[in-house]
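Take a look at the structure below.
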Amino acid sequence: MSTLQFWKPGTSGPGSSLDRATETEENVVPSAPSSGAISIQSARERLPIFKHREKLLYCMEKYGVVILVGQTGSGKTTQLPQYLYEAGWAADGNIIACTQPRRVSATSVANRVATEVGTILGEEVGYTIRFEDVSDKQKTRILYLTDGMLFRETLVDPLLSRYSVIMIDEAHERSIYTDLILGLLKKIRRKRPSLRIIVSSATLDATGFRDYFCAGNSPDEATIVSLEGRMYPVEVAYLQEPTADYVRKAAETVWSIHMQQSAGDILVFLTGREEIERCLQELSEYLPTLPRNAPRLKVLALHAGLTTDEQLAVFEPADRGTRKVIISTNIAEASVTIEGIKFVVDSGFVKIRTYNPTSALSSLATVPVSLASATQRAGRAGRTSAGICYRLYPESALRSMPATTPPEITRTDLTTPILQLKSLGVDDLMKFEWVTGPPAEAVLRALENLVAAGMVGEDGRLTVVGEKVAECPVEVNIARMLFASKEYKCGEEMLTIAAMTAVQDVFVIPDGAAGALAELERRKFTAEEGDHLTLLNAYNAFARYGRAASWCKAHALSFRAMSRAVSIRAQLKKYMQRFGLPLESCQGDARRLRECLVSGYWRNGARWVADGTYRSVRGNVTLHVHPNSVLFTRKPRSGWVVFHEMEETKKTQIRILTEIEPDWLLKYGHSFRDKHTGVAVS
DNA sequence: TGCCATCAT
């Protein structure tokens, strides 16, 4: 049995005071839910933000933008909108908005605030997320919404005129919508200075946000207010030497904690499903050596690919005398909070997607986490009591870690965001005041995509189709197919395919024997033309058999994903009706459907080669079919396919393929070339 | 032959 080979700052070694200052996470003791108005009031007054109330209200009068540095549990998200409401910021029909990067946060916070205010959810306090608007046009004064929804609202109301205050919460996460909305808010404030902005962020990013809002404005434009939280200290321990295998080391560390430390659950951060399963395997090999009288160990996996039930299992408290261990991806860093964690084991790595605009290729790579992430992960050990974080790397590695993760806007395909910015009248993208500017190459590539797709003309302005597509919540190439479906008379089917390609993880294929059975189930939907038609078959079967969860389970489909596809389809259907696109059925004529697919995917063509791989039409890159594809083991008769997306992991893979005839590619390829000679398309 | 970090409209 190995012992813990960790060095703990504070017990020995240099540099501990600095480490403690930056890495102690502050957290609040959750207050018990109360029913009576008086106890709610006193609970509100116990929150750390309460004693900053007057100062905050003063700053809201004086400054245009308040950067709020608030620790977890300081009460900023729930309390500040209420203070503003009580101080009259929602008078005269004005609304106080608070954005969240995630749907669940928007709904759960709105719920709690409605209780505190003493109103029915959806009246004075409401929320708006995609597919769910629990707010009232007249009554709602405090509105929680996803940042994506607020961004979308600017397409209809460019000055966001119904709001007096907009709070952008969790801004340090730097989701693409957070960045886009911040850029727009800076612009809006120049035209409508009465609008107040609150940017809530972690310490590391605060001055950056202030400098951003002050640039080109008066120095009084923005100020920083810091709130402390109620904290439990988290001690941080490092490995003395780097490890070659952090998965094995993680299992070893969990086991050592279990043998040596008192009660308390353990949360392990790894990068993906494969690692999690290997770690589970390694741990299972220790289990037989567990002494008879020792506490038991309950080990659970946590990642987004699990079913809802499997995910819920991590929240169940372990039996008495049993320690719970959760082996998780980054989902537990910010999206999922598990109470009762006392020990965190951090691999120090994360999988991150980056987009290469030159090759139009996204890659998913395992990279070291940022200091901000490492701090956030450590903090997960201190939510209910003091805790310890074991980092599976030496302390010296901190020096080479980036301070923060690069914002999403620097790492993604900007085709859709730029279409939307154009629709908002932001025509000169180089002059747009980005919080962090995306690479120029990414902007150029996005513009080129939009021109090629007929959304933007050679003059750089939106075309008639571009104006319509900007409103429509789908990718540009999918929108093109929906428009082309009129010509091919297959609107009904394209609508379903558009919805099904927009959801991920439709088929649930577990590991081992259960996975083999699931594969057999999936084959029942298989269309020989490829994955798009297979998805269509699955959707139609789901609709035919009553959209039931039990039916999904029996057929290896994700009920969550299928239900989401139903919502998306219904939403897109409204857009098609608005755009006058007919909802005709192709009546089983798969050829028409496949041709229609090419109208959107014409740049995603690939040719089969003898070794079973494909070569991309653009760039002649070697492509591997994703094992989930129905064409994984089969050569298409024509030897040609189009695909929905490609991504570089260990290999470059293509997902969701359909067999096509090569001359269909030429048809759309020619129209692209025509555009360069000045002939208008679509 | 062998599999997607997370989130969002």
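In the text below, chain A, chain B and the rest are named by the order of the sequence lines, each starting its count at 1.
Taking atom CD of residue A/E274 and atom P of nucleotide B/dA5, one finds them 9 Å apart after rounding to whole Å. With rounding to whole Å, A/E408 atom CD is found 13 Å from B/dT9 atom P.
In this structure, A/T146 reaches the B/dT9 phosphate: one of its side-chain N or O atoms is under 4.0 Å from OP1 or OP2. Neither OP1 nor OP2 of B/dC3 sits under 4.0 Å from any side-chain N or O of A/Q653. OP1 or OP2 of B/dC4 sits under 4.0 Å from a side-chain N or O of A/T649. The side chain of A/R655 places no N or O atom within less than 4.0 Å of a non-bridging phosphate oxygen (OP1 or OP2) of B/dC3. Regarding contacts with the backbone of B/dT1, every side-chain N or O of A/H624 stays at 4.0 angstrom or more from both OP1 and OP2.
As judged by a 4.0 angstrom heavy-atom cut-off over every strand, A/E170 is placed among residues making no nucleic acid contact.
Between the side chain of A/R391 and the backbone N or O of A/A374 there is at least one donor-acceptor pair closer than 3.5 Å.
Aromatic pair A/H626/A/F632: centroids not less than 6.0 angstrom apart. Taking the six-membered ring for Trp, A/F483 and A/F579 have ring centres closer than 6.0 Å.
The ring pair (Phe, Tyr, Trp, His ring centres under 6.0 Å) check on A/W640 picks up nothing, with sequence neighbours excluded.
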